[in-house]
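Here is how names work: the chains are called A, B, and so on, in the same order as the sequence lines, proteins then strands, and each is numbered from 1. The figures here come from the full heavy-atom set of this structure, side chains too, leaving out hydrogens, waters and symmetry mates. Values in this document were obtained by computation on a predicted structure and should not be read as measured data.
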Amino acid sequence: MQVTVKLFATFRTGRFDVAQMEHPAGTTVGGIVDALGIPREEIGILMVSGRHADLNERPAPGDTVAIFPMVGGG
Amino acid sequence: MDTILRIDMGAPGGPKASTEPVGKYAGLGGRGMTSMIVADEVDPLCHPLSAANKLVFAPGLLAGTAASTSGRLSVGCKSPLTGGIKEANAGGQAGMALGRLGYAAIIVEGQPPGDDLWKILINKEGVSFSVDNSCRGLGNYDTVAKLSKIHGEKCAYMTIGQAGEMKLLASSIACTDRELHPTRHMGRGGVGAVMGAKKIKAIVVDDTGTAPPQSKDPSAFKTAAKAWVEGLKRHAVTGQALPAFGTNVLTNVLNEAGGYPTFNFKEGQFAGASKISGEAQAQLETDRGGLATHGCQRGCTIQCSGIFHGKDGKYVTKQPEYETVWSHGGNCGIDDLDAIAQLDRMDDDFGVDTIEMGVTIGVAMEAGVVKFGDAQGAIRLLGEVGKGTPLGRVLGSGAGVTGKVFGVERVPVVKNQALPAYDPRAVQGIGVTYATSTMGADHTAGYAVATNILKVGGFVDPLKPEGQVDLSRNLQIATAAVDSTGMCLFIAFAVLDQPDTFQNLLDLLNAHYGLALTGDDVVALGKKVLSAERSFNARAGFTVQDDRLPRFFEQEPVAPHQATFTVKPEELDTVFNW
């Protein structure tokens, strides 16, 4: 399946801002994170098509997966 | 920090200063100090621009000490914008300087006769007053440039621009940063108009010849101060994200979550968001020889600010904050960082609140005064404010007034104060805070975004009403307490997640004052401050009907989640039940 993966802040370094990726159907968000070499403990926020998700969620084809480190401001 | 300085601007024969012991206000700093004094001393029914209103400044409890990030300065009064109690606070150098001079608070009362503008100089010798009309009509940049030639570069300057002189409802009080730029503003609620009504153009704070305040237990203080810095550096938000990308790191997060108010709160995502994101801003600042990491005051370890240079490589303004980039950017359909930086510079110079001004221009765009996305049109409108034209005075009086004048229905204000950069339909917890805060719509009063969106301090689903009232209540109590220490609110990211860092904060206060505060005492302090503020607002005429969002948030679904605000009014009425 094809998903859009967006990376933010420090996760972009040495990777990309946004990319279309092919993953086998049923791949979890955690699987996508691991494939990118992002240590799971550094993750702050995960969203699948604009809704908060966890590592076990399985995106559907065409979903957008957004991966953020811990961030804050205000 | 055991003295209160009282300044009577209306004393016969000219302004007079006197001092008194801190007395029953001992143990309070920042917002705790300003709100307790305003609630005690100001007639809630007075006109905010009359002699009966008071302008109360209070540094934090640890201001001027070696404790990192402790130099916020609060100002309190009855707000000309909301008609209720107001506390606004800023970084910059003035808070620390007042701490070193030993003042726990400055209460400015009365009003001088005549049209002269006054300058107040506070130094170790005491307080002196002079008529100074030389800066009349000048913006904050020119005012500080002129005054620093006389008083030097080591002073901290608190000034008002044209907006404060005109007593506009969006006017702010500027504080200088380490480079003497008037970029740190006590922004919200029209506090600059109250200073203008008291005919004060500038307060110059000179701490030359003073020493840092002495701690009761210097060795315990030193240990706690070291652990405190270590705790702030260890947390991913205060140690990495804020220094590297600043507050504007939130643009992409809120946009992705569908909670980024766009086109005057019509939509929840902005197509141009990535162009004005913190990531893009930091890169641009670095490329042009500015700074992506910069502290607004000496000794802050977080350093969330930056320096923004123009295309010519010359200084334009400090790094525009997330709220500003949103209000002048996505909220107005503008995706040009240079235009946003120019608007930020103008806000700082005229002395107006960037949130109120951006939202006001969005309302004017809704009315068709200029088109959404028209950056030059926005700059032209803001220019009218500085010039004081009739249109400028309308705009400078905020989103509520502007909406009425132009017949706009979608006006995002609570208690007449503009909503900040989070749509309450897609971030329901912050909607509870906007509706119920004593300050009017204010994200800092109980930052539920942390838990709704950023997953700091737990997680409460932002799109559902469940749990939002409890979340907002607990955060409003904790925030009132943190604001009363005078610590920068950004410490909360580390303090909420790291119990040892919260303990370090208590250790600092205990070592400095010889106290034995516990976490329970902090909660009690927060409730006490909120209760005093609620009491003031009730006496000023506010009812539960003022603790509501504008109706369109319940009726108009916002894309992409098609969300409406679903926390019920009767639930909002339980926020302050404790």
What part of [X] lies closer than 4.5 angstrom to a heavy atom of chain A: side chain, backbone, both or neither?
{"X": "P462(B)", "answer": "side chain"}
{"X": "N452(B)", "answer": "backbone"}
{"X": "I453(B)", "answer": "both"}
{"X": "L250(B)", "answer": "side chain"}
{"X": "E323(B)", "answer": "side chain"}
{"X": "A450(B)", "answer": "neither"}

**Report entry** Test side chain to side chain contact (heavy atoms under 4.5 Å, CB included) applied to V71(A) and L242(B), V249(B), N252(B), the passing residue
**Finding:**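 Filter result, single survivor: V249(B).
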Can you tell me how far [atom2] of [Y] sits from [atom1] of [X], rounded to the nearest 0.5 angstrom?
{"X": "K455(B)", "Y": "I43(A)", "atom1": "NZ", "atom2": "CD1", "result": "10.0 Å"}
{"X": "I45(A)", "Y": "E256(B)", "atom1": "CD1", "atom2": "CD", "result": "10.5 Å"}
{"X": "L454(B)", "Y": "H52(A)", "atom1": "CG", "atom2": "NE2", "result": "7.5 Å"}

Query raised in the report: Are any side-chain N or O atoms of H561(B) and backbone N or O atoms of G50(A), one a donor and one an acceptor, separated by less than 3.5 Å?
Result: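 Checking the backbone N and O of G50(A) against the side chain of H561(B), a donor-acceptor pair under 3.5 Å is found.
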Report task. Inspect the surroundings of NZ in K266(B) and state if more than 12 heavy atoms from other residues, nucleotides or ligands are less than 6.0 Å away. Result ->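 Count over threshold, so yes.
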Report task. Sort F68(A) into side chain, backbone, both or neither according to what part of it lies under 4.5 angstrom from a heavy atom of chain B. Result ->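 Side chain only.
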Query - Options T444(B), V253(B), V456(B), ranked by heavy-atom pairs under 4.5 Å with chain A, top entry - result: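 Highest number of pairs under 4.5 Å: V253(B).
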Query raised in the report: Which one, A66(A), S49(A), A9(A), leads in non-hydrogen pairs under 4.5 Å with chain B?
Result: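 That would be A9(A).
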